[in-house]
Amino acid sequence: MKIAVTYENGQIFQHFGHTGQFKLYEITDGKIVHTEVADTNGSGHGALAGFLSQRGVDTLICGGIGGGAQTALAEAGIKLYGGVSGDADAAVNALLSGNLSYDPHARCDHHDNEHSKGGDSCGEHGCGHQSGH
């Protein structure tokens, strides 16, 4: 199993399509055996699913995420745990222990103009409509 987390300074970055890094976790027998931080080089929404797929990722933990990115991940066979915030390592450990609190309907809707006039600021406020954990 290989898990990716949208990543910034140890925390889960809150907008999938704008993440500059993923922290990748290789899992064997339910334990983390290797981690690395990979730069996305500004791949953008559509290319990020391919970026993850090329690295053998089968699970993604993130904050807010748009519908198009969700579709691309599903097509790549990557299981999504959205609407998560906080420490990246803690989230992976919670997933492995079956205790991860996430929102299966987490969406980042700024593309649909549902954010306030602040514009594209998901990274500042969490965005993922995180009710109902």
Side-chain angles (χ1 to χ4, degrees):
M1 171 184 228
K2 197 164 195 180
I3 301 170
V5 179
T6 53
Y7 191 73
E8 183 177 61
N9 298 321
Q11 300 295 302
I12 298 167
F13 186 69
Q14 290 300 302
H15 187 211
F16 172 79
H18 288 247
T19 191
Q21 296 180 317
F22 287 103
K23 188 164 184 182
L24 306 175
Y25 300 79
E26 289 182 36
I27 311 301
T28 302
D29 298 326
K31 305 260 189 261
I32 299 169
V33 295
H34 178 73
T35 66
E36 69 177 290
V37 175
D39 290 327
T40 65
N41 299 317
S43 294
H45 291 82
L48 289 173
F51 176 93
L52 295 173
S53 186
Q54 289 172 359
R55 284 158 181 77
V57 169
D58 52 38
T59 304
L60 171 69
I61 298 172
C62 68
I65 183 167
Q70 289 180 8
T71 299
L73 290 167
E75 289 173 355
I78 297 172
K79 184 164 178 56
L80 172 64
Y81 294 89
V84 182
S85 61
D87 183 78
D89 293 346
V92 170
N93 284 315
L95 177 64
L96 294 175
S97 66
N99 296 316
L100 180 65
S101 179
Y102 69 100
D103 180 355
H105 305 292
R107 290 213 31 167
C108 189
D109 294 322
H110 68 87
H111 300 289
D112 301 326
N113 296 320
E114 289 189 11
H115 276 321
S116 63
K117 39 193 171 301
D120 185 12
S121 57
C122 295
E124 295 172 17
H125 63 79
C127 177
H129 298 238
Q130 297 176 5
S131 62
H133 286 246

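We count residues from 1, following the sequence as given.
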request  = Evaluate side chain to side chain contact (heavy atoms under 4.5 Å, CB included) for Leu60 paired with Lys79, printing each intermediate quantity in order.
outcome  = CA-CA 6 Å; Leu60 171 69; Lys79 184 164 178 56; over 6 Å; no
inquiry  = Is there a side-chain contact between Ile78 and Asp58 in this structure, where contact means two heavy atoms from C-beta onward sitting under 4.5 Å apart?
reply    = no
ask   = Under 30°, 30 to 60°, or over 60°: which ring-plane class applies to Phe22 and Phe16, parallel, tilted or perpendicular?
value = tilted
note = In short, Leu96 meets Gly30 closest at the heavy-atom pair CD1-O, 3.8 Å
task = Side-chain contact test, heavy atoms from C-beta onward, threshold under 4.5 Å: evaluate it for Val84 versus Leu95 and give yes or no.
result = no
Co-membership, hydrophobic cluster, residues Ile12 and Tyr7, 4.5 Å side-chain = no
request  = Indicate yes or no for a side-chain donor-acceptor contact from Thr40 to the backbone of Thr19 under 3.5 Å, with no hydrogens or angles considered.
outcome  = yes
request  = Using distance alone, with no hydrogens and no angle criterion, decide if Asp89 and Tyr25 have a side-chain donor and acceptor under 3.5 Å apart.
outcome  = yes
query = Partners of Thr71 by side-chain contact (heavy atoms from CB on, under 4.5 Å), sequence neighbours excluded?
reply = Glu75
query = So, the side chain of Ser97 versus the backbone of Asn93: is there a donor-acceptor pair under 3.5 Å, distance only?
reply = yes
ask   = Cluster question for you: counting only ILVMFWY and a side-chain heavy-atom cut-off of under 4.5 Å, with indirect links fine, are Ile65 and Leu24 together?
value = yes
message = Main chain of Phe13, side chain of Thr6: is a donor-acceptor contact present, judged purely on distance under 3.5 Å?
response = yes
Worked verdict on Thr35 versus Glu26 for side chain to side chain contact (heavy atoms under 4.5 Å, CB included) = CA-CA 6 Å; Thr35 66; Glu26 289 182 36; over 6 Å; no
inquiry  = Minimum heavy-atom separation for Ala90 and Asp87, please, with both atom names.
reply    = N-OD2, 2.8 Å
ask   = Taking the side chain as C-beta and beyond, is there a heavy-atom pair between Leu73 and Leu52 under 4.5 Å?
value = yes
message = Looking at every non-hydrogen atom in both residues, tell me the closest pair between Gly82 and Tyr102 and how far apart they are.
response = O-CB, 3.4 Å
task = Show your reasoning for whether side chain to side chain contact (heavy atoms under 4.5 Å, CB included) applies to Leu80 and Cys62.
result = CA-CA 8 Å; Leu80 172 64; Cys62 68; 3.7 Å; yes
Approximate separation, where rounding is to 0.5 Å, of Gln21 CD and Glu36 CD = 11.5 Å
inquiry  = Just verifying a value: how many Å separate Lys23 NZ and Gln11 CD, rounded to the nearest 0.5 Å?
reply    = 11.0 Å
message = Are Ile3 and Val37 connected into the same hydrophobic cluster when the rule is that any two of I, L, V, M, F, W, Y join if their side-chain heavy atoms are below 4.5 Å apart?
response = no
